[in-house]
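The block underneath contains the structure these notes are about, expressed in structure tokens.
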Amino acid sequence: VFSPELCTKCIASFRNGHSFEGTVGAESKLAYRPSAKIRTDHIVPPPLLQEIDDKLSRSLFPEIQKVFGFEVAYRELYKVGRYAAEKGGFFQRHRDNYEPPLGYRRVAMTLHLNNDYEGGGLHFPEYDNHIYGPAAGSGIAFSCRPLPAALPVPGGERFVLVGFFHGEEDEA
């Protein structure tokens with residue numbers, strides 16, 4: 001989905017911009033919960049935001065329409081997430097739309113920005129023991145209903161671009 005250059009831009013944006021400890025939940029339940037998630041996040045700023053939208057509108061969004069049957073009309077702000085070995089980065093299994101304020105979310109995306117780390121990977125424990133670890137620049141789009149888990153990173157840093165998408169009906 002992304003060229004090596006765009007992956008590098010995303011990681012550089014993380015390294016040169018404001019980052020914060022990733023939270024879980026929504027609205028009044030939004031909290032830092034290190035027992036559930038250890039990831040440092042960075043909100044993608046313009047003009048990189050526009051570059052990502054342009055790229056995904058020509059690559060991922062048509063595939064979402066084919067597979068999930070809706071046109072991506074809305075998205076949350078993209079986050080570059082860093083799962084770092086020195087912090088024990090991981091994200092326990094969870095649902096991406098489990099709280100009513102997040103019920104509009106239809107499809108989640110994890111786009112891998114690098115491969116020079118150990119462990120990590122995406123797992124859907126409800127279905128099997130397979131661990132997904134695509135090449136840098138590749139992404140996984142999945143329904144927000146299953147339970148994904150980002151497995152621990154025991155070595156290096158795993159960078160991902162995270163996005164959530166929905167359509168007109170969900171927005172209404």
Side-chain angles (χ1 to χ4, degrees), residues 1-7 9-11 13-14 22-31 36-37 39 41-83 90-114 120-151 158-172:
V1 179
F2 278 14
S3 67
E5 295 78 22
L6 188 50
C7 291
K9 280 185 182 181
C10 290
I11 293 171
S13 181
F14 176 94
T23 56
V24 296
E27 295 183 347
S28 65
K29 294 182 183 179
L30 185 66
K37 175 183 176 184
R39 184 179 79 200
D41 288 334
H42 163 72
I43 304 295
V44 174
L48 182 56
L49 183 70
Q50 186 61 49
E51 187 174 353
I52 291 169
D53 276 338
D54 290 345
K55 178 62 178 154
L56 293 181
S57 69
R58 291 179 277 116
S59 57
L60 181 66
F61 295 172
E63 297 303 315
I64 287 174
Q65 186 168 15
K66 279 194 280 188
V67 173
F68 295 98
F70 76 95
E71 185 176 335
V72 173
Y74 298 93
R75 59 139 174 84
E76 292 181 18
L77 292 173
Y78 300 114
K79 291 183 220 172
V80 174
R82 175 184 174 254
Y83 295 96
F90 72 97
F91 196 167
Q92 288 284 5
R93 62 186 186 166
H94 60 283
R95 294 202 198 281
D96 288 318
N97 63 358
Y98 72 100
E99 291 184 46
L102 302 175
Y104 61 87
R105 289 177 170 176
R106 292 274 303 274
V107 172
M109 174 203 66
T110 298
L111 199 145
H112 296 253
L113 299 173
N114 69 319
L122 187 63
H123 178 226
F124 295 91
E126 291 173 298
Y127 299 104
D128 60 25
N129 292 322
H130 186 79
I131 298 169
Y132 298 89
S138 298
I140 300 172
F142 53 93
S143 168
C144 288
R145 292 182 180 163
L147 288 168
L151 299 178
R158 175 180 175 234
F159 285 94
V160 294
L161 181 77
V162 177
F164 297 99
F165 310 106
H166 61 285
E168 291 288 348
E169 286 183 26
D170 308 298
E171 186 69 9

(message) Between His123 (side chain only) and Leu151 (backbone N and O only), is there a donor and an acceptor less than 3.5 Å apart?
(response) no
(message) Taking Pro148's backbone N and O only, do any of them form a donor-acceptor pair with His94's side chain (distance below 3.5 Å, no angle check)?
(response) yes
(request) Could you tell me whether Glu169 and Arg106 have a side-chain N and a carboxylate O separated by less than 4.0 Å? (result) no
(message) Tell me whether Arg105 is salt-bridged to Glu76, with the criterion being a basic N under 4.0 Å from an acidic carboxylate O.
(response) yes
At what distance, to the nearest 0.5 angstrom, does [atom1] of [X] lie from [atom2] of [Y]?
X: Ser57; Y: Arg75; atom1: OG; atom2: CZ; result: 11.0 Å
X: Phe70; Y: Asp170; atom1: CZ; atom2: CG; result: 6.5 Å
X: Leu122; Y: Ile140; atom1: CG; atom2: CD1; result: 5.0 Å
X: Leu56; Y: Leu161; atom1: CG; atom2: CG; result: 7.0 Å
X: Leu6; Y: Ile52; atom1: CG; atom2: CD1; result: 6.0 Å
X: Glu51; Y: Leu48; atom1: CD; atom2: CG; result: 6.0 Å

Testing the basics here: between [X] and [Y], what is the closest heavy-atom pair and its distance to 0.1 Å?
X: Pro146; Y: Tyr127; result: CB-CE1, 3.8 Å
X: Cys10; Y: Val80; result: O-CG2, 3.8 Å
X: Tyr83; Y: Ala150; result: OH-CB, 3.5 Å
X: Asn97; Y: Cys144; result: OD1-O, 3.1 Å
X: His112; Y: Gly133; result: CE1-CA, 4.5 Å
X: Leu113; Y: Ile11; result: O-CD1, 3.7 Å

(message) Just checking Glu71: does its CD atom have more than 12 heavy atoms from other residues, nucleotides or ligands closer to it than 6.0 angstrom?
(response) no
(message) Between Phe165 and Phe68 (judged by ring centroids, cut-off 6.0 Å), do the two rings come close enough to count as a pair?
(response) no
(request) Please report the C-alpha distance between Glu126 and Arg145 in whole Å, then the side-chain angles of each, then the deciding distance to 0.1 Å, and finally whether the salt bridge (charged side-chain N to carboxylate O under 4.0 Å, His left out) criterion is met. (result) CA-CA 11 Å; Glu126 291 173 298; Arg145 292 182 180 163; over 6 Å; no
(message) Go through it in stages, so that I can follow the logic: the residues are Val162 and Arg39, the test is side-chain contact (heavy atoms from CB on, under 4.5 Å), and I'd like the CA-CA distance, side-chain angles, deciding distance and then a yes or no.
(response) CA-CA 12 Å; Val162 177; Arg39 184 179 79 200; 3.9 Å; yes
(request) Verify ring pair (Phe, Tyr, Trp, His ring centres under 6.0 Å) between Tyr74 and Tyr104, making sure each step is shown before the conclusion. (result) CA-CA 10 Å; Tyr74 298 93; Tyr104 61 87; 9.3 Å; no
(request) Would you please test His166 and Phe164 for ring pair (Phe, Tyr, Trp, His ring centres under 6.0 Å) and show each step? (result) CA-CA 7 Å; His166 61 285; Phe164 297 99; over 10 Å; no
(request) Flag this pair as yes if the NZ/CZ of Arg82 is under 6.0 angstrom from the six-membered ring centre of Phe14 and inside a 45 degree cone about the axis; otherwise no. (result) no
